[in-house]
J.: 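Okay, here's the structure, questions in a sec.
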There are 2 protein chains.
Amino acid sequence: MDAAFVNPFLNALQNVLSMMAQIELKPGKPQIKKDEYARGDVSGIIGMVGPQVKGSFSISFEENLACEIMHKMLGELPDSVDEEVCDMVGEITNMVTGGAKKELAERGFEFDMATPIVVSGRDHTISHRSEGAKLIMPFNHVAGKAYIEICFDKLRA
Amino acid sequence: MDAAFVNPFLNALQNVLSMMAQIELKPGKPQIKKDEYARGDVSGIIGMVGPQVKGSFSISFEENLACEIMHKMLGELPDSVDEEVCDMVGEITNMVTGGAKKELAERGFEFDMATPIVVSGRDHTISHRSEGAKLIMPFNHVAGKAYIEICFDKLRA
């Protein structure tokens, strides 16, 4: 997958967390291998559909990192992934995808976003079912790990 | 949410499982309450975007039911939710949404499907983040439960 498609998502995630929670995520090494899975305790998922492409985006957080983001944002440290943490992950998903959508639209790459879904459950895995390239990008923070996964299928060859 | 939007998904699910696996799911009582969550061990999720609406669809299976569908389809009974079961759930998600899309398009309600995502993890919950109505529909089978959840947001009032 072209880095030009991926970087807007990575930038948007780092910007959103830095602005909202003063949390700086350290990017790890991107993986394009098929045997890698995004993994976490709470994930935000969103579908994307455009004239030439369709795809999906997910962001998964380990519980401690999700709780720490909540702590930094609202001043309260939740014990575990509760309803408020799920709301926050849904919002982050919308903001990251919206930020990337805006940047990509400026380059002539248009898509619309579906409504986000939040998955909660200890150590679940996320697997994007696309024939196109999939990219997983891990992020590290002292409180825990996050993963984003992006895939796009071309509708027309 | 209008039953006219929902029934095509319910019909498509029952048709797909009946045709592919000779499995008859018994529909339970639909819920529109906000405090209900779809829940399962393996889920297929897909985003939908149309000119007037955006939304999401998910189908969640308890492990035993997912394995039994695999058993009926391929003759092999997997021990647990493995890669093949995840593939099958992704396919079911595509087929159900595709069937509903076709039926709804005939009534003038158009949308495109994003690429599906499969979530695997014991007893995870699925929460659709939409301002519009959400419908959860449980299904029963002797091997286990399934849930579908559908939501649509109107883009223009």
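Please read these numbers as outputs of a predicted model, since none were measured by experiment. Below, read A as the first sequence line, B as the second, and so on, with proteins coming before strands; counting in each chain starts at 1.
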J.: In terms of side-chain heavy atoms, does B:His128 have a donor or acceptor partner in A:Thr115 at a distance below 3.5 Å?
T.: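 On atom types as modelled, these side chains do not qualify, holding no pair under 3.5 Å.
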J.: If you define the side chain from C-beta out and look only at heavy atoms, does anything of A:Leu10 sit under 4.5 Å from A:Ile148?
T.: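 Yes, their side chains come closer than 4.5 Å.
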J.: Does atom NZ of A:Lys72 have more than 12 heavy-atom neighbours, drawn from other residues, nucleotides or ligands, at distances under 6.0 Å?
T.: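 Yes, enclosed.
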J.: With a 4.5 angstrom heavy-atom cut-off, could you sort out which part of B:Asn94 is near chain A: side chain, backbone, both or neither?
T.: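 The answer is neither part of B:Asn94.
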J.: Could you walk me through whether B:Lys54 and B:Glu131 pass the salt bridge (charged side-chain N to carboxylate O under 4.0 Å, His left out) test, one step at a time?
T.: CA-CA 11 Å; B:Lys54 57 182 180 171; B:Glu131 288 168 20; over 6 Å; no
J.: Do B:Phe57 and B:Phe9 have ring centroids that are under 6.0 Å from one another?
T.: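 Distance test on ring centres: under 6.0 Å, yes.
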J.: Hey, which of A:Cys86, A:Ala38, A:Gly90 has the most heavy atom pairs under 4.5 Å with chain B?
T.: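 Result: the option with the highest number of such pairs is A:Cys86.
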J.: Please tell me whether B:Phe111 and B:Phe5 form a close aromatic pair, meaning their ring centres lie under 6.0 Å apart.
T.: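 Ring-ring flag for B:Phe111/B:Phe5: false, centres at least 6.0 Å apart.
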J.: What parts of residues 120-127 of chain A touch chain B if we use heavy atoms and a cut-off under 4.5 Å?
T.: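 Against chain B, the residues of residues 120-127 of chain A that fall inside the cut-off (heavy atoms, under 4.5 Å) are A:Ser120, A:Gly121, A:His124, A:Thr125, A:Ile126, A:Ser127.
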J.: I need the residue from A:Met113, A:Arg39, A:Glu91 with the largest number of non-hydrogen atom pairs under 4.5 Å to chain B.
T.: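 When all of A:Met113, A:Arg39, A:Glu91 are compared, A:Met113 has the most.
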J.: For a 4.5 angstrom cut-off between non-hydrogen side-chain atoms, does B:Ile69 reach B:Ile92?
T.: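 With C-beta onward as the side chain, the pair touches.
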J.: Please identify, among B:Gly47, B:Ser56, B:Gly44, B:Ser43, the residue contributing the most non-hydrogen atom pairs under 4.5 Å to chain A.
T.: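 So the answer, after comparing B:Gly47, B:Ser56, B:Gly44, B:Ser43, is B:Ser56.
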J.: Is A:Val49 close to A:Asp112 at the side-chain level, that is, under 4.5 Å between some pair of heavy atoms?
T.: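 A side-chain contact under 4.5 Å is absent here.
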